[in-house]
Number of protein chains: 2
Amino acid sequence: MAVRPQLCEACSIKDLTFCSSLHGAEHDQLRQLLTHVQFDSHSTIFHEAEEADYVFNVTSGSVKLYKLLGDGRRQITGFLFAGDFLGLALNANYSYTAEAVEPVTACRFPRQKLEKLFDQFPHLEKRMLGMAVDELAAAQDQMLLLGRKTAKEKVASFLLMLARRQEHRGEKTDMINVPMSRSDIADYLGLTIETVSRTLTQLRKESTISLKDNRHIEAVGLDMLEDLAEGL
Amino acid sequence: MAVRPQLCEACSIKDLTFCSSLHGAEHDQLRQLLTHVQFDSHSTIFHEAEEADYVFNVTSGSVKLYKLLGDGRRQITGFLFAGDFLGLALNANYSYTAEAVEPVTACRFPRQKLEKLFDQFPHLEKRMLGMAVDELAAAQDQMLLLGRKTAKEKVASFLLMLARRQEHRGEKTDMINVPMSRSDIADYLGLTIETVSRTLTQLRKESTISLKDNRHIEAVGLDMLEDLAEGL
DNA sequence: CGAATGTTTGATGGGTTTCAAGTGTGGTGG
DNA sequence: CCACCACACTTGAAACCCATCAAACATTCG
């Protein structure tokens with residue numbers, strides 16, 4: 001890939017973002033659309049059912065996506081980190097709520113203008129489709145987790161997911177960064193906070209993991225975690 | 001939309017399929033790529049991890065998609081019916097297994113040739129992206145179901161899903177068609193066959209549904225099902 | 001330092017699974 | 001045409017995993 005001056009924060013994240021497939025003039029056009037935005041911890045980026053006017057590219061921090069049932073039960077459908085794309089609903093409305101777990105910075109694109117750019121640069125649309133397909137595969141893995149894995153297997157899978165995405169972003173992997181609360185983990189895995197806590201304690205007692213503090217976990221027995229995640 | 005002669009089985013399904021967005025000459029090119037294929041009940045259309053050489057458009061029958069854990073536990077990630085698209089993995093390999101629930105007919109497209117056609121007809125790629133986004137939204141709903149709904153709510157949501165898709169295909173909705181076995185339903189909802197059976201019995205005793213036979217269910221209290229599905 | 005919030009741990013309970021029989025039901029062959 | 005068998009589905013009883021309720025402990029922040 002040709003050398004290209006760094007034009008936006010999104011591109012600074014080592015070719016993980018969708019705009020990093022563009023060159024020179026093309027990228028300039030994209031750049032004119034974007035606005036840099038920030039969100040504090042626990043602030044809402046957008047609400048479910050809200051009009052989907054913007055799409056985002058996370059450049060730092062972490063985000064949780066969730067849906068609610070009528071009585072308040074919550075399911076977190078995904079976590080996003082630097083480089084992840086957000087809001088690729090091409091429908092009129094968002095299908096979930098997005099909330100900052102940690103302080104978040106992101107590039108924001110007006111959806112309609114971005115879609116117009118697709119006609120000019122089919123490259124971009126291909127990349128978008130690729131991302132949607134990847135997300136779909138991840139969603140199917142998560143269905144397998146939610147429907148068929150035990151609490152222990154769920155927690156193991158979750159820690160592995162964090163570790164792998166950390167690696168993918170090119171960060172150190174000796175310590176797993178866990179920016180989200182036990183409550184968020186529980187709502188992601190279809191468990192309660194108590195079960196998440198108990199399971200982590202159990203994994204610690206079995207020396208599969210080592211808890212540095214609530215936000216940092218070391219995977220001592222990575223093989224063990226992998227076997228658990230695959231249901232062996 | 002312009003009047004267009006019926007060119008392939010896929011298009012005969014009232015504008016539900018992705019090729020129905022094409023016209024005359026464009027459609028002819030697409031048509032040259034497709035092969036009509038059939039699958040018997042319980043036959044495998046493709047396996048997880050297999051090379052994704054083809055994509056399909058279901059023209060009749062029904063299909064289940066599933067993933068397996070190491071010890072054989074199964075999660076059905078979706079059911080497909082006439083008009084549904086299958087295998088939109090743009091990756092090299094399928095991420096799940098597809099198996100015919102009833103005898104299936106489908107249009108088969110060589111993936112690589114289809115992708116080349118995308119460059120010619122951006123229309124098609126847009127439609128593909130739209131389908132991927134829709135599937136993603138459905139997957140997120142299913143995560144909410146698997147992670148946070150009770151058995152009763154799961155079964156109610158399942159029946160509603162079948163009813164709505166039947167309606168979407170333009171079929172009669174007085175009776176819900178249930179082509180899949182209790183075992184398939186259980187693996188779709190993250191339950192056991194016994195729980196599915198018990199829950200259906202319970203809904204029947206409450207007069208929310210009426211079981212004509214194992215493959216045909218009447219939704220007597222549709223409001224009740226909707227409330228259950230939304231967690232009210 | 002104290003209040004508020006988040007996390008862990010314990011005791012108990014319940015929804016779902018597991019195990020185990022029954023009860024259809026469709027297909028096959030006599 | 002019906003007896004028979006295989007298989008799917010239903011129903012019941014017991015067990016279990018995880019949820020709920022409750023309290024202690026830890027951490028953060030004013």
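Here is how names work: the chains are called A, B, and so on, in the same order as the sequence lines, proteins then strands, and each is numbered from 1.
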Rounded to whole Å, how long is the line connecting atom [atom1] of [X] with atom [atom2] of [N]?
X	N	atom1	atom2	answer
B/Lys149	D/dA19	NZ	P	18 Å
B/Arg73	D/dC17	CZ	P	13 Å
B/Arg148	C/dG15	CZ	P	16 Å
B/Lys152	C/dG14	NZ	C1'	16 Å
A/Arg182	C/dT5	CZ	C1'	14 Å
A/Gln202	C/dT7	CD	P	19 Å
A/Leu145	D/dC18	CG	P	12 Å
A/Asp213	C/dG6	CG	P	16 Å

Between A/Ser183 and B/Thr150, which is nearer to the 5' end of DNA chain C once each is assigned its nearest nucleotide?
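Nearest nucleotide further toward 5': that of A/Ser183.
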Starting at the 5' end of DNA chain D and moving along, which residue's nearest nucleotide shows up first, A/Ala151 or B/Glu194?
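Mapping each residue to its closest nucleotide by heavy atoms, the 5'-most match is B/Glu194.
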Which residue lies toward the 5' end of DNA chain D, A/Gly190 or A/Asn214, if each is placed at its nearest nucleotide?
A/Gly190
Stepwise, does the ring pair (Phe, Tyr, Trp, His ring centres under 6.0 Å) test hold for B/Tyr54 with B/Phe109?
CA-CA 5 Å; B/Tyr54 299 101; B/Phe109 303 89; 9.8 Å; no
Nearest to the A/Arg215 side chain among C/dT7, C/dT17, D/dC9, which nucleotide is it?
C/dT7
Taking the side chain of B/Arg198 as heavy atoms from C-beta outward, which of C/dT7, C/dT18, C/dT16 is closest to it?
C/dT18
A/Gln140 side chain to A/Glu135 backbone, donor-acceptor under 3.5 Å:
no
N/O (side chain, A/Thr195) to phosphate O (OP1/OP2, D/dA19) under 4.0 Å:
yes
Assign [X] to base, sugar-phosphate, or nothing according to its heavy-atom contacts below 4.0 angstrom with the strands shown.
X	value
B/Leu191	sugar-phosphate
A/Ser197	base
A/Leu200	nothing

Exactly one candidate in B/His168, B/Arg169, B/Glu167 meets side chain to side chain contact (heavy atoms under 4.5 Å, CB included) with B/Glu171; the answer is B/Arg169
Should the pair A/Glu218-A/Lys212 be classified as a salt bridge under the 4.0 Å nitrogen-to-oxygen rule?
no
With under 30° as parallel and over 60° as perpendicular, where do the rings of B/Phe46 and B/Tyr96 fit, or are they tilted in between?
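Plane angle between 30° and 60°, so tilted.
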